Amino acid sequence: MQLRDALDDYKRHAGDGTRFPGERRTVSSRFSGGDGRLVHVGDDGELRDFGYPLTGRTGLVRSRIGLAVGDEVTWLDEADTTQRYVGDTALVETVHETPRATVTRHDVTLGDAHLTRAAVEFDGASSGDDGAEDGGDDGAAVDPADASLVVYARFAPDGRDDRVGQLRYDDAVEVYHADEHDFLASATGFADLRGQLPTTFPELLDDDPTELPRDRDGDRYEEERLSGEVIADVPFDDGVATVATLLTDRAETDREAARERLDVLFADHDDVSALADAAADALPAVPESAPARESVVADLRVLSLLSAPSGLRIAGPDFDPYYEHSGGYGYTWFRDDAEISGFLLGAADAVDLDLDDWHARSAEMYVATQRPDGSWPHRVWPRDGALAPGWANARIEDGPDVDYQADQTGSVVAYLARAREAGVDVEGLDSTLVAALAGLDRTLEPDGRPVVCQNAWEDSAGRFAHTAATFLEAYSELGRHGAGLAVDALDDPDAVPGAASLPDDLAAHARDRAREVYDALDDLWVPERGCYAVRETLDGGIDDRLDSATLGLAAAHRSFDALGAAGDGSGAGGAVDEERLDRLVSHVETVVDGLSHETDDIAGLIRYEGDGWRRADQLSEKVWTVSTAWGANACAELAALLAAHDDPRAAEMTARARDLLAHVSPGGSLCEPTTYLPEQYFDDGTPDSATPLGWPHAIRLATVALLDDELPQFADAATADD
């Protein structure tokens, strides 16, 4: 998104009650991708690239597609439209009903290339039939030979909209700045091709937004070559026109190779079935027998779309790159990413998914991005793991460590320990876990709870129950799966703070630490509310508000309980006791009931009591899909824990899980018709913020798998309301 686009959107949406001006929203329409490049396929005909964090290439920042008949152009954003995914793939089919014709588009992103195939069918007319029915408003039949596809595209190579040039070929145009060279090509060549300068200063300062593209201006000869904006007339061949865009780096792909690649793409994908086959190769296969199959397919599609070739994922498409209303979303947070990895690892066998490559890539990148002190940074660029802009890098900067998110390290450790047990074999895994164990110890206070740090929502500091939950889970998973871990896995133990003082039996040490955290959680119990406090504040007080992040305690206790169930004879760790089970049930019920929010249009959980973020004109807290899905998963995890203790409350907790899961499942009020889960909703049902957001999709997948695999005996249990 260029500043010109942000200002244009600001003009269009300033004062809106549920839209924040200056953003590039993705709450409607669908994405195509799966191998790095991420293209938003608007149902209005617009294509936009969102894959810069994944590939380092900016590509298309604005576009528009129209149907020309003679001198008259009908833009597809003015047409009635329907859109869908084709089968289980990320191939997007969009049907535009214009006054003269039906235009059916198929869009697919393959690596760094994107193909748009447009087929036109004129109303009441067949090709070259002079006796056809009326095909237009003027009473004259349309001659398909007079029609063409009009493509307006603006590229921003290297993220620039200035100092950009064009090179023209018979069937392609190359737009370049320095390293990034972007191509627009047509399988049928160009009937006409022209450029234009971006929005001018007077247009930017005008109160009204500027409609683009403009008509040709013969006095501005330089605009033909000195901008990233092109307008192309693409002829139809037997009613079909196919265009492609290709994003390249000149150091990796020269222009001859790029043009050859485009030729091959057109030759190999000349019909819809070929496009569908290519799109299917980008996603894991989902068995027909999978539970809630539509939901599972959608979740894997989204997680694939958001993934870089490295295996790291962006949190969601970056709709606010200027940080006007948020801190950005096009980065990898290790909390979200490791939680997603853990959910995928747990669900793969239950749903019979082959995700071995995903598991290994995640583990490799976590090993590669670990800091020397055993922790992980705030957020990184997913394409290569380089440090990304952030506000919680206290462990890199000088000064106190308050602006550090210790839960991120806890989440990564829990995943890596499970991955090790599952047979994920990557170089450096054991040394990474040893260094991480030393890092966890250094951020655990003598009272058994983590140090003062930032919370999961990144908006306050204290000693949080959620952070403690991630430590409990991390230590428990290391205690369960850490056999054979030893300090000598480190090349230089003295280089990792605290590692040299670790005992010989690291698994037993982790089990002891898990017990310390388990016991210390009693400090946060609030009997008056029947729940665990969200945090101990900086002044030592107890913040007893309800917070959906504390639902993480359910899964953490299940991991801890498995220490005792393992029966390893170590004498360390142990099963969850009856008093703690009672408190967990009370906590989960109190949080779920207390955060539940329902209107005529939506139902789900708010994030926490008093949440004021992105409310706009709304007076109350907004519903979040992450919180709602987390509620469903926490109820399912607690149900499994209760079932392991032969506790009859497992049935009721399973019913609660299914009720909450329904809100974020296809057909639920928090799931868009696209099957996407936006981050938030306004009370009137308007979706908001990052869409789709990867974290709730992974939680949804894991919860479906858990309910089907471990709790089928409660499938017919009465609902919680009953």
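None of the values given here were measured: they were computed from a predicted structure. Residue indices begin at 1 and follow the sequence shown.
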Going by ring pair (Phe, Tyr, Trp, His ring centres under 6.0 Å), name the residues that satisfy it together with [X], two or more places apart in sequence or in a different chain.
{"X": "His114", "result": "none"}
{"X": "Tyr676", "result": "none"}
{"X": "His466", "result": "Trp630"}
{"X": "Trp358", "result": "none"}

Fit a plane to each ring of Phe319 and Tyr329, take the angle between them on a 0 to 90° scale, and name the class: parallel (under 30°), tilted (30 to 60°) or perpendicular (over 60°).
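Tilted.
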Donor + acceptor pair across side chains of [X], [Y] (<3.5 Å):
{"X": "Trp333", "Y": "Gln405", "answer": "no"}
{"X": "Ser32", "Y": "Asp107", "answer": "no"}
{"X": "Ser548", "Y": "Ser627", "answer": "yes"}
{"X": "Asp43", "Y": "Thr81", "answer": "no"}
{"X": "Ser341", "Y": "Ser362", "answer": "yes"}

Do [X] and [Y] have side chains that approach each other closer than 4.5 Å (heavy atoms only, starting at C-beta)?
{"X": "Arg420", "Y": "Leu485", "answer": "yes"}
{"X": "Trp624", "Y": "Tyr608", "answer": "no"}
{"X": "Val664", "Y": "Cys671", "answer": "no"}
{"X": "Arg293", "Y": "Val297", "answer": "yes"}

Within 45° cone of [Y] ring axis and under 6.0 Å: [X] NZ or CZ:
{"X": "Arg24", "Y": "Phe50", "value": "yes"}
{"X": "Arg379", "Y": "Phe334", "value": "no"}
{"X": "Arg607", "Y": "Trp457", "value": "yes"}
{"X": "Arg48", "Y": "Phe31", "value": "no"}

Test side chain to side chain contact (heavy atoms under 4.5 Å, CB included) applied to [X] - qualifying residues, sequence neighbours left out:
{"X": "Tyr518", "value": "Leu472, Arg515, His557, Phe560, Val576, Asp577, Arg580"}
{"X": "Ala489", "value": "Asp430, Ser431, Val434"}
{"X": "Glu421", "value": "His481"}
{"X": "Arg261", "value": "Ala113, Leu246, Leu265"}

Where Leu693 and Leu306 come nearest, the two heavy atoms and their spacing
C-CD1, 4.4 Å
Is it true that, when you exclude Asp349 itself, more than 12 heavy atoms of the residues, nucleotides or ligands shown sit nearer than 6.0 Å to its CG?
no
Ion pair check, Glu477 and Arg480, cut-off under 4.0 Å:
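So Glu477 pairs with Arg480 through a salt bridge.
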With respect to Phe343, which candidate in Asp299, Leu706, Leu303, Ile699 satisfies the side chain to side chain contact (heavy atoms under 4.5 Å, CB included) definition?
Ile699
So, Trp376 versus Tyr366, ring centres under 6.0 angstrom or not?
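No - the distance between ring centres of Trp376 and Tyr366 does not fall below the 6.0 Å cut-off.
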For residues 279-287, which side-chain donor-acceptor pairs fall under 3.5 Å, sequence neighbours excluded?
none

Sequence neighbours left out, what passes side-chain hydrogen bond (donor to acceptor under 3.5 Å, both in side chains) with Thr242? Give chain and number order.
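Per chain and number, Thr242 pairs via side-chain hydrogen bond (donor to acceptor under 3.5 Å, both in side chains) with no residue.
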For Arg37, enumerate each residue passing the salt bridge (charged side-chain N to carboxylate O under 4.0 Å, His left out) test, keeping only those at least two apart in sequence or located in another chain.
Asp49
So, using salt bridge (charged side-chain N to carboxylate O under 4.0 Å, His left out) as the criterion, who are the partners of Arg84 when residues are at least two apart?
Glu93
Given the rule in the salt bridge (charged side-chain N to carboxylate O under 4.0 Å, His left out) test, do Glu589 and Arg649 qualify, once you have shown the distances and angles that lead to the verdict?
CA-CA 12 Å; Glu589 290 180 341; Arg649 291 174 292 184; over 6 Å; no
